[in-house]
A.B. asks: 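This is the structure I have questions about; it appears just below.
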Amino acid sequence: MMDEEMEVNENVKKVMFVMRKAPHGSIYSYEGLETVLITAAYEQDMTMVFVGDGVFALVKGQDTTDIGIKGFIKTYGALEHYDVEKIYVDRVSMEERGLTPDDFAIDVEVKEAEEIAALMEEQHATIPY
Amino acid sequence: MLHMVNKSPFSNSALEEAARIASKGSPILLIEDGVYAARAGTSFAPKLADILKDHPVYVLTPDLKARAVDKLVEGVEQVDYSGFVDLVEKDKVHSWV
């Protein structure tokens, strides 16, 4: 039983998704979120970090009705149900874009560049989106 | 961790974000349109000189030759394909695509 549990733990990889694209100008942002949810279903140790224009994906109040696409800001709300709780935003990217944590649709933790770098180094894999 | 950038710094913020986030001392490898960042005499060259204070910067020679980038910012190191493989094998890699 003990061995079995250890084996399961060894199969858990630390995976970080680095989100750097705005939400509607390309498919990256949406595909990234979908991939996070799929990967999380395999119970991996997930982290999402939003850098650059990636932070725009989290802004609340997005209404895509008139551009004829479904929009996926609500999907971010599903992350907590998949136990994806490490959701970080690069402070400089946020501030450059005139945003504060209150502007985001979900709870995030604001991180300094050095903290993000340290987190990247400890991952088994970092996936760019 | 090796940070790879394949976008021109004149059209994309990938290199500036990579350089700002990457741990001090982590190498940066410029490939494809990323090599334009290494060209001497551009408006980006002073920024690359700043990046070089914190990170070794490598540039892929075949991509330089293909784009006729023949004058490089001082301190940038050229690698061929086997040098590229050596860098990638040494550590984990993140691509700032």
Side-chain angles (χ1 to χ4, degrees), chain A residues 13-22 25-32 35-36 44-57 86-99 108-129, chain B residues 1-38 43-44 46-60 63 84-97:
Chain A
K13 301 289 185 205
K14 291 175 80 77
V15 183
M16 175 189 272
F17 286 75
V18 182
M19 312 291 285
R20 287 189 50 250
K21 303 284 197 294
S26 71
I27 197 72
Y28 285 95
S29 184
Y30 178 63
E31 292 276 304
T35 312
V36 166
Q44 300 302 301
D45 182 354
M46 309 288 293
T47 302
M48 288 181 93
V49 59
F50 293 81
V51 177
D53 279 352
V55 302
F56 285 134
K86 295 176 213 166
I87 302 172
Y88 305 134
V89 166
D90 169 48
R91 183 181 60 78
V92 170
S93 301
M94 179 184 77
E95 290 179 359
E96 279 176 346
R97 287 160 183 78
L99 299 169
V108 300
E109 203 174 313
V110 178
K111 294 272 185 200
E112 302 300 322
E114 298 75 23
E115 297 175 284
I116 295 168
L119 288 165
M120 286 182 84
E121 301 282 351
E122 69 183 40
Q123 305 296 316
H124 289 101
T126 57
I127 318 283
Y129 268 104
Chain B
M1 170 174 273
L2 173 69
H3 296 266
M4 289 203 341
V5 175
N6 72 339
K7 300 289 192 299
S8 164
F10 302 102
S11 69
N12 194 294
S13 55
L15 175 55
E16 285 180 276
E17 284 165 15
R20 187 168 58 73
I21 303 267
S23 322
K24 220 171 173 177
S26 304
I28 295 173
L29 172 61
L30 305 173
I31 63 166
E32 301 167 12
D33 286 347
V35 304
Y36 287 120
S43 63
F44 192 80
K47 289 181 191 162
L48 192 73
D50 276 346
I51 290 169
L52 277 157
K53 290 174 191 162
D54 288 331
H55 305 279
V57 175
Y58 300 92
V59 65
L60 190 64
D63 285 331
F84 181 165
V85 172
D86 290 342
L87 282 171
V88 169
E89 276 183 340
K90 219 176 274 177
D91 207 345
K92 287 181 280 193
V93 181
H94 185 72
S95 292
W96 296 76
V97 290

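Chain letters run A, B, ... following the sequence lines, proteins first and then strands; every chain starts at 1.
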A.B. asks: With a 4.5 angstrom heavy-atom cut-off, which part of A:Glu122 approaches chain B: side chain, backbone, both or neither?
C.D. replies: backbone

A.B. asks: Check the surroundings of atom OH in A:Tyr129: do more than 12 heavy atoms from other residues, nucleotides or ligands lie under 6.0 Å from it?
C.D. replies: yes

A.B. asks: Among pairs that include at least one residue of residues 14-32 of chain B, which meet salt bridge (Lys or Arg N to Asp or Glu O under 4.0 Å), considering only residues two or more places apart or in two chains?
C.D. replies: A:Arg20-B:Glu17, A:Asp90-B:Arg20, B:Glu16-B:Lys47, B:Lys24-B:Asp54

A.B. asks: Suppose a student defines contact as a heavy atom less than 4.5 Å from any heavy atom of chain A. Which residues in residues 90-97 of chain B would they list?
C.D. replies: B:Lys92, B:Val93, B:His94, B:Ser95, B:Trp96, B:Val97

A.B. asks: If you draw a 6.0 Å radius around OH in A:Tyr28, do more than 12 non-hydrogen atoms from other residues or ligands fall strictly inside?
C.D. replies: no

A.B. asks: Heavy-atom pairs under 4.5 Å with chain B are the metric here; pick the option from A:Glu114, A:Gln123, A:Glu121, A:His124 that has the most.
C.D. replies: A:Glu121

